[in-house]
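What you see is a predicted model, and the numbers here were worked out from it, not measured in a lab. In what follows, every heavy atom counts, from backbone to side chain, and hydrogens, waters and symmetry copies are set aside. Reminder, nothing fancy here: chain letters follow the sequence lines and each chain counts from 1.
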Amino acid sequence: MAGGNTGGASGEALLEVREVWAGYHDLDILQGVNLRVERGRIVTIIGPNGAGKSTLAKAIFGLVRVRRGEIRFKGADITGAKPSRIVQAGLCYVPQERNVFPNLTVLENLQLGGYVLGARSEARIREMFEMFPVLQEKRHQKAGVLSGGQRQMLAMARALMLDPEMLVLDEPSAGLAPNVVEQVFQKIRDIHRSGRTILMVEQNARRALAMSDWGYVLDMGKNAIDDAGPRLLENPRVVELYLGTLGAAAGGRGSAGAEA
Amino acid sequence: MLQFIANGVVVGAVVAVTAVGLTLVYSILKLTNFAHGDMVTFGAYVALLLNLSLGLDIWWTLPPAFLAGALLGVLGDRLIWSRMRRRQAGSVSFIVASIGLALALRNLIVFFFGAQTQHFRLPVEMRQPLGPLPVKLTPDEVHVIVAAVVLFAGVHALLRYTTIGRAMRAMADNPSLSWVSGVDVDRVITWTWILGGGLAAVGGVLYGMIRPIDPNMGWFLLLPMFAAIILGGIGNAYGAAVGGVLIGIIQEASVMFLPAEYRLAVGFLAMIAVLLTYPRGLFGERSLT
C-alpha cells in the first residue's frame with residue numbers, strides 16, 4: 001500500500017490528482033485525496049457509501065469546487081478548468097445518473113456529445129452507430145424512453161463522441177439488471193482495448209476490480225488502500241471492510257449499485 | 001359567441017408570444033422572472049417612442065423593439081443574474097430580485113413617459129373591421145395573429161433545427177450534463193435572453209396594438225402569462241403557446257356571462273380546473289419542446 005501511488009508500474013501518468021480537498025458549501029467531502037492513472041490502464045475506485053468516490057469524479061470535471069490541491073491531465077493543470085477545455089483535451093465523463101438528455105432524441109444526444117466538434121460530428125456519429133448498433137435503431141427516439149442498458153450505452157457513446165484518450169465512468173452498472181451489467185462491462189473492456197484509459201467508480205467492486213490494473217479504496221474522503229486490482233480483492237482488510245457486504249450484495253445481483 | 005372566441009384568439013396570441021419567452025427563461029435558467037411583464041411594457045414604450053417621435057410605422061418598430069428587449073435581457077443577465085448565479089444564490093433570492101427589477105423598470109418607464117394611458121398612432125383604416133366576415137376583426141388584429149404565428153414558427157425552427165437551439169433544449173433537460181459535454185453555457189444563456197427579452201418586447205408592441213399602453217400593462221399581463229405556462233406544462237414552449245391562446249379565449253368568452261373585470265380570475269379558474277385533471281399541464285413539464 002505504501003509506495004502504491006506509482007500506480008503499480010512506471011508508465012506515464014495521464015491523470016493525476018494531488019492532495020485534493022473538495023466538497024459542497026462548507027463541507028469537505030474529499031480531504032486530501034491522491035490518485036494516479038497511467039496511460040492505457042483501467043483503474044477503479046471503490047469504497048463505502050459517502051466515501052467521496054462520485055465527488056472525486058465530479059471534482060475532476062469542475063462540477064464540485066476544488067478548494068485545495070491540484071488535478072493534472074497530460075501534465076497540464078485542469079483544476080477548476082471549464083469542462084469544454086477538459087473534454088477537448090481528451091478527458092470525458094459518463095456521470096452516474098441523469099447521464100443522458102431524456103427529452104432529446106438519441107441522435108441529438110450524440111450531437112450534444114460532439115458539441116465542440118461542430119460539423120465534424122456527423123462522421124463521428126456514424127462511428128458511434130457502428131460501435132453501438134442498438135442506438136442506430138433508436139436514433140429518432142427520445143432518450144428518456146430507452147431501457148436502462150440502452151441508456152447506459154447512449155451515455156457512453158455520448159462521452160466517446162470526442163474520441164477521448166481517457167474516460168471517467170461513475171458507477172456504470174448502477175441500477176442495471178445482471179445480464180445488462182455484463183454487457184456494459186464488456187463494452188467498457190472494448191473501449192479500453194481500443195486504446196483508451198479508463199477510470200471507474202464502482203459499487204460492484206468484485207467485478208470491477210477483477211478487470212482493473214489498479215484499484216483505490218476511499219474511505220471518509222481519504223485514500224485508505226491502493227493496490228493492483230486482483231491483489232486488492234484478496235486484501236483481508238478490503239474483504240472485511242467492503243467486499244464482505246458489497247460482495248454479498250453483488251451476489252444478490254442488481255441491487256448492489258443503487259448509491260452514488 | 002364566435003366574436004368572443006375571435007377576440008380571445010387575438011389576446012391569446014399576445015399572451016402566447018410573451019409566455020414563450022417567460023417559459024424559455026424559466027426552463028433554461030431556472031429563473032421565475034417576475035420582471036418579464038415589465039419587459040413587455042418596455043417593448044411597448046420603445047415602439048411608442050419610435051412611432052410617435054419618429055413617425056415610424058408600427059410594423060417597422062418590431063425589429064428595433066425586439067433588439068431593445070434582447071439587449072435589456074442580456075444586460076439584466078450581465079448586471080444581475082450572472083452575478084447571483086456565481087454567488088450560488090437561492091431560488092427565492094432570484095424571485096425577489098426579479099420583483100425588484102420589475103418595480104425598477106416600471107418606475108423608470110413612469111419617470112420617462114409618464115403614468116398616463118397612451119396609444120400608438122395607427123392608420124385609421126387599420127381600425128375598421130374587415131369586410132364580410134362572420135366576426136368583427138380589424139386588419140390590425142389579424143396582423144397580430146399572423147405575427148404571433150410567424151414568431152412562433154421562428155422559435156420552433158430555432159429550437160429544433162439549430163445547434164444553439166439544441167443546446168438550449170439540452171440545458172433545459174440536464175444542465176450539468178450540458179456543462180460536462182463542453183456546451184458553451186454562457187452562449188446558451190445569452191441566446192436565451194435574446195429570445196426571452198426580444199419576444200417580451202415584441203409581445204408588448206403587439207399588445208399595444210389591441211389595448212391602451214400604460215406602465216402597468218405588462219404587470220397585469222403577467223398573471224395570464226403564468227396561467228398559460230402552467231396550463232401548458234411548466235417549461236414547455238409549445239405548451240406555453242397553446243396555453244396562451246386557451247387562456248385568451250377563456251378570458252374573453254367569460255365576458256358573455258360575467259362582468260369583464262372578472263376575466264383574469266376566470267383564466268385562473270380554468271387553469272386550476274385543468275391542473276386538477278392534468279396535474280402536469282396539458283403538455284407535461286420539463287421538456288422544452
Side-chain angles (χ1 to χ4, degrees), chain A residues 24-26 54 57-65 81-105 107-119 121-122 142-145 151 154-155 157-162 164 167-168 170, chain B residues 23-24 26-28 30 82 85-91 93 156-191 232-240 280-289:
Chain A
Y24 305 89
H25 305 291
D26 294 327
S54 290
K58 286 178 184 163
I60 293 170
F61 290 91
L63 290 175
V64 173
R65 207 163 61 86
K82 267 194 172 184
S84 55
R85 208 193 109 204
I86 298 174
V87 296
Q88 274 177 303
L91 179 60
C92 289
Y93 176 43
V94 184
Q96 182 197 351
E97 42 196 19
R98 300 192 24 85
N99 54 14
V100 297
F101 300 104
N103 289 301
L104 270 58
T105 66
L107 181 62
E108 288 174 329
N109 266 271
L110 294 178
Q111 286 167 331
L112 255 300
Y115 185 84
V116 300
L117 291 177
S121 70
E122 292 308 313
K142 285 193 173 186
V145 304
R151 201 177 304 189
L154 176 58
R158 185 203 55 77
L160 287 171
M161 275 296 292
L162 299 181
L167 207 55
V168 177
D170 192 355
Chain B
T23 215
L24 282 174
Y26 171 81
S27 60
I28 296 171
K30 315 291 179 249
S82 67
R85 279 194 302 272
R86 224 173 300 141
R87 287 173 173 74
Q88 303 182 336
S91 57
S93 309
H156 166 78
L158 186 123
L159 288 177
R160 275 280 143 190
Y161 305 114
T162 68
T163 305
I164 190 73
R166 199 154 53 222
M168 288 168 82
R169 285 189 287 133
M171 278 277 285
D173 235 15
N174 192 338
S176 67
L177 192 63
S178 311
W179 177 244
V180 299
S181 294
V183 169
D184 187 345
V185 172
D186 292 336
R187 189 157 165 262
V188 172
I189 291 172
T190 301
W191 271 98
I234 295 175
N236 184 309
Y238 300 159
R280 291 159 60 82
L282 292 174
F283 288 75
E285 289 169 28
R286 300 212 64 98
S287 170
L288 189 51
T289 59

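The parts of A/P102 that come within reach of chain B are both its backbone and its side chain, each placing non-hydrogen atoms under 4.5 angstrom from that chain.
Scanning all heavy atoms of the two residues, the minimum distance from A/F101 to B/S178 falls at CE2-OG, 3.4 Å. Between A/P83 and B/W179, the shortest heavy-atom contact is CB-O, 3.1 Å. Here the closest non-hydrogen pair linking B/R166 and A/L112 is CG-CD2, 3.4 Å.
Residue with the most contacts toward chain B among A/V116, A/N99, A/I86, A/N109: A/N99 (heavy-atom pairs, distance under 4.5 Å). Ranked by non-hydrogen atom pairs under 4.5 Å with chain B, the options A/K82, A/R85, A/E108, A/Q88 are led by A/E108.
Scanning for side chain to side chain contact (heavy atoms under 4.5 Å, CB included) contacts around B/V180 gives A/F61, A/L63, A/Y93, B/L177, with sequence neighbours left out. Residues meeting the salt bridge (Lys or Arg N to Asp or Glu O under 4.0 Å) test with B/R85, sequence neighbours left out: B/D77.
In terms of modelled atom types and a separation under 3.5 Å, the side chain of B/N174 and the main chain of A/V100 share a donor-acceptor contact.
Counting heavy atoms from C-beta on, the side chains of A/Q111 and B/S181 never come closer than 4.5 Å. The side-chain heavy atoms of A/N103 and B/R169, taken from C-beta on, include no pair separated by under 4.5 Å.
Heavy atoms from other residues, nucleotides or ligands lying under 6.0 Å from OH of B/Y26 number 12 at most.
Using a 4.0 Å cut-off between charged nitrogen and carboxylate oxygen, A/K142 and B/D173 do not count as a salt-bridge pair.
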